[in-house]
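Some notes on the structure that comes next.
These values consider heavy atoms only, across backbone and side chains, with no hydrogens, waters or symmetry-generated copies. What you see is a predicted model, and the numbers here were worked out from it, not measured in a lab.
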Amino acid sequence: PIYKYSIDEWDDFLGGIEKGTATIFQGSSQIGKTALMFKILRHNASIAKDNDEIIVVLSPEDSPSRMAKLNMKAIGKLTTRSLIEQVRGNLLDENIGKWFKDYHDNVIFFDASDLKIEELTTYLNDVQKSINKKIGMLFLDGVIFIDTNAKDGGFGAEKKILRSLIRTCTNFDLCGFFSMHYGKNLGRSSGNKDDKQSQKNYEGDIVDGYGSVIAGAGAATIGSLYIRDEVLYLAMKKARDRLDDADLVKPVPLVIDYGFYSMFTIKELANIIENNGIISSSTKQKYLIAKFGKMEKDQPVRKDYMPEGI
């Protein structure tokens, strides 16, 4: 089976994720890049199992245990406190237990805090040999935290890392997902005046700053997360078409539930609310804004579009 983005608008247009390609998610800090990557990961766990492949999750910022707990939190719909209590007591939510029983051999979390980009190929080859399965998907959360032996540092180091990641997708014939900050968190400063100026010129959008590198290294797609009128949107464009400033599909509104560390499309959230209602009141409000737009306090909502329980 073909791996999917888990977002209907993207999958309907692209037919799924082409092997050997990279998807780079950009957005400001805490906007939901990790939640989005975990959403895609969970959706594809069953596909990886059917393909007899593994999904590798690397994070140079968070420990494997923290990544696993965030994933468990989203699967089990647990509060942070109840999650900790269940983990300590070895009592797992039914949804968590089933998910990990089904996919623990196919979804593997690794600590990449000491990983240098020059070591990535050897690292992935060792993983495939030790597990005796091909890597189908690679998730790396936090490109900015990956180290390199590059002597130029700063902006040049970032370009080398991105180029290497995209080529890794091609060489291993896998689907890669990588997250990057933009804005003040983008780039490492080497202290060089020109280097700082380069970062300043591109701090609004990595498509501008790294577009030629991304487009020249191989097949890549840029996913941009941004907030407009209190709604989180995900825009998508091909790196090679970045100068046309044309999105592949209309930006997709998303709703993120920070309490459960989950992210939903409008369609998914409507189904969840209608079926079981396990959603916080603040998330219901975000759903209404994303579905109908920002409304005045007394403005009526069309009931025929509303799921039961809202």
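By the 4.5 Å heavy-atom criterion applied to side chains, F172 and T121 are counted as neighbours. Considering only heavy atoms from C-beta on, F139 stays 4.5 Å or farther from V56 through its side chain. Counting heavy atoms from C-beta on, the side chains of L174 and I55 never come closer than 4.5 Å. M137 places none of its side-chain heavy atoms less than 4.5 Å from the side chain of L41. Looking at I108 and V57, their side chains never come closer than 4.5 Å, going by heavy atoms from C-beta outward. At least one side-chain heavy atom of L120 sits under 4.5 Å from a side-chain heavy atom of L58. Inter-residue side-chain proximity for I24 and L162 is flagged as met; some heavy-atom pair is nearer than 4.5 Å. Between S179 and L140 the shortest side-chain heavy-atom distance does not fall below 4.5 Å.
The pair K267-E9 does not meet the salt-bridge criterion, since no charged nitrogen lies less than 4.0 angstrom from a carboxylate oxygen.
Scanning both residues, M236 and W10, for their nearest heavy atoms gives SD-CD2, 3.0 Å. The two residues S164 and I117 have their closest heavy-atom pair at CB-CG1, 3.4 Å. Across P251 and A235, no two heavy atoms sit closer than the pair CG-CB, 4.2 Å. Annotation for Y3 and A48: closest pair OH-CA, 3.5 Å, computed over non-hydrogen atoms. Closest approach of N44 to I40, counting heavy atoms only: ND2-O, 2.8 Å. Across all their heavy atoms, G15 and K4 have their closest contact at O-NZ, 3.7 Å.
Between E18 atom CD and T23 atom OG1 the span is 10.5 Å, to the nearest 0.5 Å. How far CG of L14 is from CG of D11: 7.5 Å, rounded to the nearest 0.5 Å. Atom CG in L254 sits 10.5 Å away from atom CG in L269 (nearest 0.5 Å). In this structure, CD1 in I256 is found 11.0 Å from NZ in K39, a value given to the nearest 0.5 Å. The CG atom of L124 sits 11.5 Å away from atom CD of E119, with the distance rounded to the nearest 0.5 Å. Going from atom OG1 of T21 over to atom CD1 of I166 covers 10.5 Å, rounded to the nearest 0.5 Å.
For K49 (side chain) and D102 (main-chain N/O), a donor-acceptor pair under 3.5 Å exists by modelled atom type. Here the side chain of N106 pairs a donor or acceptor atom with the backbone of E53 at under 3.5 angstrom. A donor-acceptor pair is defined here as one N or O able to donate and one able to accept, closer than 3.5 Å; no such pair exists between the side chain of S28 and the backbone of I31. Side chain of K19 to main chain of C175: no donor-acceptor pair is present (N/O by atom type, distance under 3.5 Å, no hydrogens or angles). At least one donor-acceptor pair under 3.5 Å links the side chain of E268 to the backbone N or O of T265.
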_Would V252 and I266 count as a side-chain contact (heavy atoms from CB on, under 4.5 Å) here? Give the steps._
CA-CA 9 Å; V252 179; I266 302 304; over 6 Å; no
Q | Residues F110, Y123; criterion side-chain contact (heavy atoms from CB on, under 4.5 Å); working and verdict | A | CA-CA 11 Å; F110 286 104; Y123 190 91; 3.3 Å; yes
**Request:** Go through the steps to decide whether L138 and F178 satisfy the test side-chain contact (heavy atoms from CB on, under 4.5 Å), and finish with yes or no.
**Result:** CA-CA 8 Å; L138 172 66; F178 315 114; 4.1 Å; yes
Report task. Show your reasoning for whether side-chain contact (heavy atoms from CB on, under 4.5 Å) applies to V255 and L232. Result -> CA-CA 6 Å; V255 175; L232 178 66; over 6 Å; no
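Hydrophobic clustering, with ILVMFWY side chains joined whenever heavy atoms are under 4.5 angstrom apart, keeps V107 apart from I2.
The 12-atom threshold is exceeded at NZ of K134, counting heavy atoms of other residues, nucleotides or ligands nearer than 6.0 Å. Remark: I131 CD1 is packed, more than 12 non-hydrogen atoms of other residues, nucleotides or ligands lying under 6.0 Å away. In D50, the CG atom is crowded: over 12 heavy atoms of neighbouring residues, nucleotides or ligands sit closer than 6.0 Å.
For the residue pair D141/S59, the side-chain donor-acceptor check at 3.5 Å is not satisfied.
The aromatic rings of Y5 and F177 sit perpendicular, their planes meeting at an angle over 60°, well past the 30° parallel limit.
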